Amino acid sequence: MNVFLKLFKNLILTNGLKGFLCSLLGVATLITTSCKPKEPSQSIGADISFIPQMESRGTTFYNVKGEEADIFDILKDHHFDNIRLRIFVDPTAENGYSKDGFCDLDNTLTMAKRIKSAGMKFTLDFHYSDTWADPDKQFKPTAWKGLKGKDLENKLYEYTKEVLTTMKKEGVAPEIVQVGNEISHGMVWPDGRVLDNAKEENWVALMGLYKAGQKAVRQVLPDSKLMVHLALGGQNTLCREFLDKMNKYGAEFDIIGLSYYERWHETYNDLKANLYDLSNRYNKPVCVNEYGAGEENIKIINDIVRSVPNGLGYGSMAWEPTRAMFDREGKPKKAIFALYDEVYEQNLKPGQQSKVAPPFERKVNINRPVIGADISFVPQSEDRGAKYSDQGKEKDILEILKDHQFNWIRLRLFVDPDAENGYSRGGKGYCGLEKTLEMAKRVKAAGMNFLLDFHYSDTWADPGKQFTPSVWKDLHGSAMEGRVYSYTNETIKRFINEGVRPNMVQVGNEINNGMIWPQGILPEGRKKVDSDEEMESFSVLLRCASAAVRAADPDITIMVHIACGGQNAESVAFFDKIISRDVKFDVIGQSYYPEYHGTLKDLEFNLNDLVTRYQKPIFVVEYHHNRKEVNDIVHSIPNGMGLGTFIWEPTSTRWGGLFDENGATNENIDIYPELYSAYTK
């Protein structure tokens with residue numbers, strides 16, 4: 001005590017009474033500040049709207065100590081601070097979500113009270129439907145049927161206001177409100193639907209509906225934040241299109257919320273680049289407000305959000321994570337909880353950034369000239385006894401081609417060629433995964449580069465037919481999109497694991513009229529030019545295929561291949577569309593058969609225009625006639641943007657014509673060493 005009295009006396013003598021009081025205040029402030037618990041730099045959230053249903057079925061949960069506990073206590077113990085709940089207009093309606101009323105206002109109120117009792121923040125997610133609302137479906141509530149225009153806007157406003165007023169009176173007002181769920185394609189269809197063919201009047205209708213909900217939120221809960229929720233985690237072009245429309249029409253948002261599911265929303269690099277750009281462009285916090293939690297992605301996604309510059313990474317919201325956190329008996333998976341504990345500890349250190357590399361730019365690293373061939377028929381021909389020879393000496397087909405300066409081989413891949421209507425019925429498996437792997441090993445052993453051509457069919461896919469694989473025939477919408485991703489990603493990984501990584505991949509074969517019909521069908525031929533038909537479905541399938549390759553190996557070059565060698569207007573309409581829908585690819589591939597694709601002058605004009613217009617390298621990836629002329633046209637494209645060609649089936653006398661009927665080389669193959677020499681001077 002005497003020590004403190006001497007200290008205070010010295011302070012008064014040195015600084016006077018006023019100075020002493022100021023010093024005392026500073027000490028008190030220091031003590032208070034040091035005792036105040038640290039706040040994390042970003043939110044850790046979860047949507048657990050399924051919990052009432054699970055609990056009604058007898059589900060119980062246990063904490064990491066093995067003790068039965070309330071789900072909110074368990075989540076809070078592991079630093080979850082924000083819970084999202086979805087609400088449907090009338091889930092008991094005829095086609096509604098739940099005859100038992102789960103996710104209606106009463107059930108949501110009950111859950112909201114538990115959230116608030118746990119001392120957590122509450123995010124309310126309006127679905128504006130009687131059931132699930134997402135990019136595939138935004139069904140108008142039954143009670144709103146027949147309403148249009150201002151009447152529909154007023155109904156949405158009144159409903160939103162009623163829900164929020166009730167919650168406010170009950171003391172459970174949400175801190176964050178989503179006006180719609182995953183509204184990338186609009187909401188309250190058909191009135192508020194916006195796809196790739198949306199006209200300005202469609203955007204006006206959607207923004208009118210959104211602003212009706214916005215008005216209710218601002219009136220009832222002026223301190224709550226508005227989150228716009230788009231299912232476009234890695235799709236920067238589409239996010240900007242949507243948010244720019246919001247700004248144009250005065251639709252407000254305080255937080256940008258994005259769903260991110262690996263099968264649908266591009267790679268982690270795309271997510272990172274998108275979050276960085278959106279936060280900077282709109283100066284708003286960004287949140288990954290839906291992701292499927294798992295051991296492999298919790299840390300990655302949260303690290304990316306935390307790395308957003310200027311502290312604009314708001315946080316994350318795991319979608320129904322109890323499936324990942326607990327087993328069927330409700331016992332905890334400790335590894336998952338440990339990851340969230342790690343994220344929280346990291347969030348307590350605002351000065352320490354996540355170890356996240358900056359977004360990288362894709363580059364095409366392919367040496368010119370590419371002199372390639374598609375020899376996918378060879379395994380069948382060899383099984384039938386075909387032999388190949390050059391200058392009277394029998395050799396392996398790859399050795400012969402390499403001797404004539406061929407340096408790339410393309411191989412086609414069917415999903416199940418042994419299916420009932422498949423390419424190779426009878427169990428031979430030609431152009432299936434195993435046979436293609438065998439052939440790819442021969443290609444790599446020969447020291448040649450390898451282009452893998454996904455047909456996304458059990459048989460030939462071309463402009464006249466793009467049949468859905470038989471094992472996918474019952475899939476539709478997002479289920480089909482997810483299957484395209486998983487099939488493509490697993491296939492690429494298999495090639496990599498077998499030591500035959502493709503140097504380049506075609507996501508689809510001659511897809512100018514779409515792929516995986518009927519879901520991915522496009523208007524045929526010139527009908528695409530100035531078409532107002534919907535092409536969104538195809539573009540999403542193509543995005544999923546591209547993302548799957550890049551997720552397996554970001555350095556693999558991706559080609560989009562169409563059969564419009566001399567058709568410039570159709571080519572431009574196609575590439576304008578997919579680029580506007582955020583399809584990511586590296587090089588353009590064209591087929592050129594003069595009987596279908598015009599004159600050589602048409603080809604030359606088209607290739608040069610596409611390279612200039614899109615600044616992407618180009619290939620003629622299928623041709624047979626005019627061998628020298630086609631190669632000269634490609635290799636004469638300015639700035640080295642014409643990378644090369646692939647002759648189609650050179651061993652066939654009908655098509656490539658570089659061998660005779662006995663498998664011996666003929667004079668047609670002799671031009672290739674000359675071309676290679678000319679192009680490398």
Side-chain angles (χ1 to χ4, degrees), residues 40 43-88 91-92 96-125 127 131-132 167 170-176 178 181 259 261 288-299 301-302 315-345 347:
S43 174
I44 300 175
D47 186 316
I48 57 170
S49 303
F50 270 129
I51 288 297
Q53 288 166 265
M54 297 172 71
E55 291 176 336
S56 72
R57 297 168 188 158
T59 301
T60 54
F61 299 100
Y62 297 83
N63 61 27
V64 292
K65 297 177 182 178
E67 304 163 338
E68 185 176 332
D70 184 84
I71 184 63
F72 288 95
D73 292 334
I74 297 172
L75 292 176
K76 191 173 181 182
D77 284 346
H78 294 278
H79 317 295
F80 283 80
D81 56 19
N82 191 345
I83 299 297
R84 187 180 77 163
L85 301 176
R86 60 182 168 267
I87 185 168
F88 301 121
T92 65
Y97 168 76
S98 165
K99 295 299 181 186
D100 296 319
F102 291 112
C103 297
D104 67 1
L105 178 55
D106 288 340
N107 276 278
T108 304
L109 274 172
T110 300
M111 278 289 281
K113 290 174 182 177
R114 294 173 66 181
I115 294 171
K116 294 291 186 176
S117 294
M120 304 166 87
K121 290 182 179 178
F122 168 33
T123 296
L124 181 62
D125 176 11
H127 276 236
T131 188
W132 300 107
M167 290 187 166
E170 293 287 334
V172 291
E175 284 80 9
I176 298 174
Q178 285 183 208
N181 185 76
S259 291
Y261 297 100
V288 174
N289 67 326
E290 273 196 35
Y291 71 98
E295 282 191 57
E296 70 289 344
N297 69 358
I298 289 171
K299 190 74 167 59
I301 290 172
N302 280 277
S316 66
M317 188 84 66
W319 195 76
E320 296 295 350
T322 55
R323 300 180 181 188
M325 292 173 165
F326 302 91
D327 64 18
R328 292 185 178 182
E329 284 73 45
K331 302 294 174 57
K333 297 178 182 178
K334 295 182 180 180
I336 296 289
F337 286 110
L339 285 170
Y340 281 111
D341 293 342
E342 184 180 349
V343 168
Y344 173 77
E345 289 299 324
N347 290 345

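On a predicted model such as this, the values are computed, not experimentally measured, just so you know.
The line from CD1 of Ile176 to NZ of Lys121 is 6.5 Å long, rounded to the nearest 0.5 Å. Rounded to the nearest 0.5 Å, atoms OG (Ser43) and CE (Met120) are 9.0 Å apart. Within the model, atoms NZ of Lys99 and OG1 of Thr92 stand 7.0 Å from one another, a figure rounded to the nearest 0.5 Å. Atom CE of Met317 and atom CD1 of Ile301 lie 13.5 Å apart (nearest 0.5 Å). Between the CD atom in Glu320 and the CZ atom in Arg84 there is a gap of 9.0 Å [rounded to 0.5 Å]. Of the inter-residue distances, the one linking Met167 atom CE with Phe122 atom CZ reads 4.0 Å to the nearest 0.5 angstrom.
In summary, the side chains of Asp100 and Ser98 do not present any donor paired with an acceptor at a separation below 3.5 Å, with no hydrogens or angles considered. A donor atom on one side chain and an acceptor atom on the other are found under 3.5 Å apart for Glu290 and Tyr261. Using modelled atom types and a 3.5 Å distance limit, the side chains of Asn82 and Glu175 yield no donor-acceptor pair.
Relative orientation of the His78 and Phe337 rings is tilted, given thresholds of 30° and 60° on the angle between their planes. The aromatic rings of Trp132 and Phe88 sit perpendicular, their planes meeting at an angle over 60°, well past the 30° parallel limit.
Nearest approach of Lys76 to Ala118, heavy atoms of both residues: NZ-O, 2.6 Å. Of all heavy-atom pairs spanning Phe72 and Arg114, the tightest one is CE1-NE, 3.3 Å. Between Pro321 and Ile48, the shortest heavy-atom distance links the atoms CD-CG2, 4.1 Å. Scanning both residues, Ile51 and Met111, for their nearest heavy atoms gives CB-CE, 4.0 Å.
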*Could you check Ser316 against Tyr291 for side chain to side chain contact (heavy atoms under 4.5 Å, CB included), going step by step and ending with a plain yes or no?*
CA-CA 8 Å; Ser316 66; Tyr291 71 98; 3.8 Å; yes

*Verdict with supporting geometry, Tyr97 and Phe102, ring-ring contact (aromatic ring centres under 6.0 Å, His included)*: CA-CA 8 Å; Tyr97 168 76; Phe102 291 112; 7.8 Å; no

*May I have the step-by-step check of side chain to side chain contact (heavy atoms under 4.5 Å, CB included) for Ile87 and Asp125, ending in yes or no?*
CA-CA 6 Å; Ile87 185 168; Asp125 176 11; over 6 Å; no

*Please assess Phe326 against Ile74 for the test side chain to side chain contact (heavy atoms under 4.5 Å, CB included), listing each intermediate value before the final yes or no.*
CA-CA 11 Å; Phe326 302 91; Ile74 297 172; 4.0 Å; yes

_Would Tyr62 and Glu329 count as a side chain to side chain contact (heavy atoms under 4.5 Å, CB included) here? Give the steps._
CA-CA 9 Å; Tyr62 297 83; Glu329 284 73 45; 5.9 Å; no

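No side-chain heavy atom of Thr123 sits less than 4.5 Å from a side-chain heavy atom of Ile83.
Atom NZ of Lys333 sits in a crowded spot, with more than 12 heavy atoms from other residues, nucleotides or ligands closer than 6.0 Å.
Under the 6.0 Å distance and 45° angle rule, Arg86 counts as a cation-pi partner of Phe50.
The backbone N or O of Pro332 sits nowhere less than 3.5 Å from a side-chain atom of Asp327 that would complete a donor-acceptor pair. For Asn107 (side chain) and Asp104 (main-chain N/O), no donor-acceptor pair under 3.5 Å exists by modelled atom type. The closest donor-acceptor contact from the side chain of Asp81 to the backbone of Ile44 lies under 3.5 Å. Looking at Asp47, its side chain does come within 3.5 Å of a backbone N or O of Ser49 through a donor-acceptor pair. Using a distance-only test at 3.5 Å, with no hydrogens or angles considered, a donor-acceptor pair links the side chain of Asn302 to the main chain of Ile298. Without hydrogens or angle criteria, Lys299 side chain to Glu342 main chain gives no donor-acceptor distance under 3.5 Å. The main-chain N or O of Gln53 is found under 3.5 Å from a side-chain atom of Ser56 such that the two form a donor-acceptor pair. At distances below 3.5 Å, not a single donor-acceptor pair connects side-chain atoms of Gln178 with backbone N or O atoms of Leu124. At distances below 3.5 Å, not a single donor-acceptor pair connects side-chain atoms of Thr59 with backbone N or O atoms of Glu55.
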